[in-house]
Participant: 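I'd like to ask you about the structure that follows.
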Protein chains: 2
Amino acid sequence: MLTKRTKYAIKTLIYLYENEVDNKPVSAKSISEHENIPFKFLEKILRELRQHRLIKSERGAVGGYRFLKPANTITVADVMRIIDGPIALIPCVSENFYQKCDECIDEETCKLRLLFRDLRDKMLPVLEETIVDLSKK
Amino acid sequence: MLTKRTKYAIKTLIYLYENEVDNKPVSAKSISEHENIPFKFLEKILRELRQHRLIKSERGAVGGYRFLKPANTITVADVMRIIDGPIALIPCVSENFYQKCDECIDEETCKLRLLFRDLRDKMLPVLEETIVDLSKK
DNA sequence: ATTATCCCTACCTATTTGGTAGGGATAATT
DNA sequence: AATTATCCCTACCAAATAGGTAGGGATAAT
């Protein structure tokens, strides 16, 4: 399952995209209220997104957040990897977070590995949809 | 990510299938040793599989486990649902474990929902592979 | 000076995960 | 009848993760 943090993060980015008008940044308060996300929890998520350079912030009285990386280049998979970690369901078939399964005897002949590699290959194209695509759905 | 329990469960069933010869049941000890699964932890998993009527057990000195439901009718998705729960990555698109996302404002227009329904639809056929298919990979 | 925002650290509770411990029941074998 | 190898059941446990909350400091517009 996706964590709420990732769900919140994606909803946040969609909201940001749909409200990046008249050159004003979008405040956390506004996101929190419109997307039903606990304010303080949202702040933590926004920080993560900023630290990973997806968005940038502006401080002060009319501060808020904007995209740093263009919305049409940010995919759902990107967000999932930043917040939740690997897309793949077992670590030994993850491209970005590879790890040996510690109980595995022979990775080369592991049937689970073949199956979950197939699975990952089917999942990835779907998750490569961008924030912009997603907003237009 | 899959839990180890589910990984162990699938490996257990493959092992069971590949060793159901000469009409003798397969012992937990044998599974544990050959598949590198902690014995006591495995016993719990076997119990779950038995309680869900995928396998049956025989007690006594030459006891062990056999399939109750034929191996060619048990899919990876079945096992995942028994041990880990839903396949879908968000609860509102799960077929077997549907639940409303509590922060969701309008399910009908939720973009995430559309995306993750697509995703589930891509995942399911892969996970519908049976233990027998998997063993032959 | 006030206010609205972002920024940072610390803390907290409940649940899940991945086990372990100990012993009872059963049935084949000796 | 005793031994042994198995399954069966309950209880417990430590570490990690999830989903927050609390409190206050820094910044910049008004």
Side-chain angles (χ1 to χ4, degrees), chain A residues 1-9 11-12 16 19 23-33 35-52 54-66 68 80 82-86 89-91 97 99 101-104, chain B residues 1-9 11-12 16 19 23-33 35-52 55-66 68 80 82-86 89-91 97 99 101-103:
Chain A
M1 282 266 174
L2 274 201
T3 60
K4 288 202 172 189
R5 281 161 67 241
T6 299
K7 251 198 305 189
Y8 290 164
K11 288 191 170 184
T12 292
L16 205 59
N19 291 277
N23 221 32
K24 283 202 299 195
V26 179
S27 73
K29 184 154 176 274
S30 164
I31 301 169
S32 164
E33 284 168 0
E35 294 298 330
N36 227 352
I37 304 172
F39 180 73
K40 282 292 199 178
F41 195 38
L42 173 63
E43 278 197 308
K44 273 168 82 165
I45 294 165
L46 285 163
R47 198 173 148 200
E48 282 187 88
L49 296 176
R50 177 171 55 78
Q51 285 172 337
H52 282 87
L54 262 46
I55 60 177
K56 61 189 167 187
S57 60
E58 284 167 29
R59 307 177 74 165
V62 289
Y65 298 87
R66 324 172 174 269
L68 178 56
M80 287 175 66
I82 287 170
I83 311 283
D84 269 359
L89 294 199
I90 50 177
F97 298 85
Q99 246 188 302
C101 295
D102 34 324
E103 87 283 358
C104 191
Chain B
M1 282 270 173
L2 275 202
T3 60
K4 287 202 171 187
R5 281 161 67 242
T6 299
K7 252 198 302 186
Y8 290 164
K11 288 191 169 184
T12 291
L16 205 57
N19 290 277
N23 221 32
K24 285 201 298 191
V26 178
S27 73
K29 184 154 175 275
S30 162
I31 302 170
S32 164
E33 284 168 359
E35 295 298 329
N36 226 354
I37 304 172
F39 180 75
K40 282 291 198 179
F41 194 38
L42 173 63
E43 278 198 308
K44 274 169 81 164
I45 295 165
L46 286 163
R47 198 172 149 200
E48 282 186 89
L49 295 176
R50 178 172 53 81
Q51 284 172 338
H52 281 88
I55 60 176
K56 62 187 167 189
S57 60
E58 283 166 30
R59 306 176 76 166
V62 291
Y65 297 87
R66 321 173 177 269
L68 180 55
M80 286 176 66
I82 287 170
I83 311 282
D84 269 359
L89 295 199
I90 52 179
F97 299 84
Q99 245 189 304
C101 295
D102 35 323
E103 86 285 0

Participant: For B/Y8, enumerate each residue passing the ring pair (Phe, Tyr, Trp, His ring centres under 6.0 Å) test, keeping only those at least two apart in sequence or located in another chain.
Facilitator: B/F41
Participant: Distances for protein N/O vs nucleotides 11-15 of chain D N/O pairs under 3.5 angstrom?
Facilitator:
none

Participant: Which residues satisfy the side chain to side chain donor-acceptor pair (under 3.5 Å) test with A/R66, sequence neighbours excluded?
Facilitator: A/E58
Participant: Roughly how far apart are A/K7 NZ and B/I90 CD1, rounded to 0.5 Å?
Facilitator: 6.0 Å
Participant: Can a donor-acceptor pair be found, under 3.5 Å and without considering hydrogens, that links the side chain of B/D84 to the backbone of B/T3?
Facilitator: yes
Participant: Output all residues satisfying side chain to side chain donor-acceptor pair (under 3.5 Å) with A/S32, sequence neighbours left out; order by chain, then residue number.
Facilitator: none
Participant: Of A/L2 and A/V62, whose closest DNA chain D nucleotide lies nearer the 5' terminus?
Facilitator: A/L2
Participant: Heavy atoms under 4.0 Å, any strand shown: does A/G60 hit a base, just sugar-phosphate, or nothing?
Facilitator: base
Participant: Would you classify B/F39 as touching base, sugar-phosphate or nothing, given that sugar-phosphate means primed atoms plus P, OP1 and OP2, and contacts are heavy atoms under 4.0 Å?
Facilitator: nothing
Participant: State which residues pass salt bridge (Lys or Arg N to Asp or Glu O under 4.0 Å) with B/K24; sequence neighbours excluded, sorted by chain then number.
Facilitator: none
Participant: For B/K44, which residues count as a salt bridge (Lys or Arg N to Asp or Glu O under 4.0 Å) partner, sequence neighbours excluded?
Facilitator: none
Participant: Categorize B/E43 for me: base, sugar-phosphate, or nothing, with a 4.0 angstrom heavy-atom threshold over every strand shown.
Facilitator: base
Participant: What residues, two or more places apart in sequence or in another chain, satisfy side chain to side chain donor-acceptor pair (under 3.5 Å) together with A/S57?
Facilitator: none
Participant: Identify the 5'-most and 3'-most nucleotides of DNA chain C with at least one atom closer than 4.0 Å to a non-hydrogen atom of chain B.
Facilitator: C/dT17 to C/dA28
Participant: What residues form a salt bridge (Lys or Arg N to Asp or Glu O under 4.0 Å) with A/E43, not counting sequence neighbours?
Facilitator: A/K40
Participant: Mind checking if B/K40 touches a base, just sugar-phosphate, or nothing, with heavy atoms under 4.0 Å?
Facilitator: base
Participant: Mind pulling the stems DNA chain D is in, i.e. runs of at least three Watson-Crick or G-U pairs, everything under 3.5 Å?
Facilitator: C:1-30 with D:1-30
Participant: Not counting sequence neighbours, which residues clear salt bridge (Lys or Arg N to Asp or Glu O under 4.0 Å) with B/R59? List them please.
Facilitator: none
Participant: Who passes side chain to side chain donor-acceptor pair (under 3.5 Å) against B/R50, sequence neighbours left out?
Facilitator: none
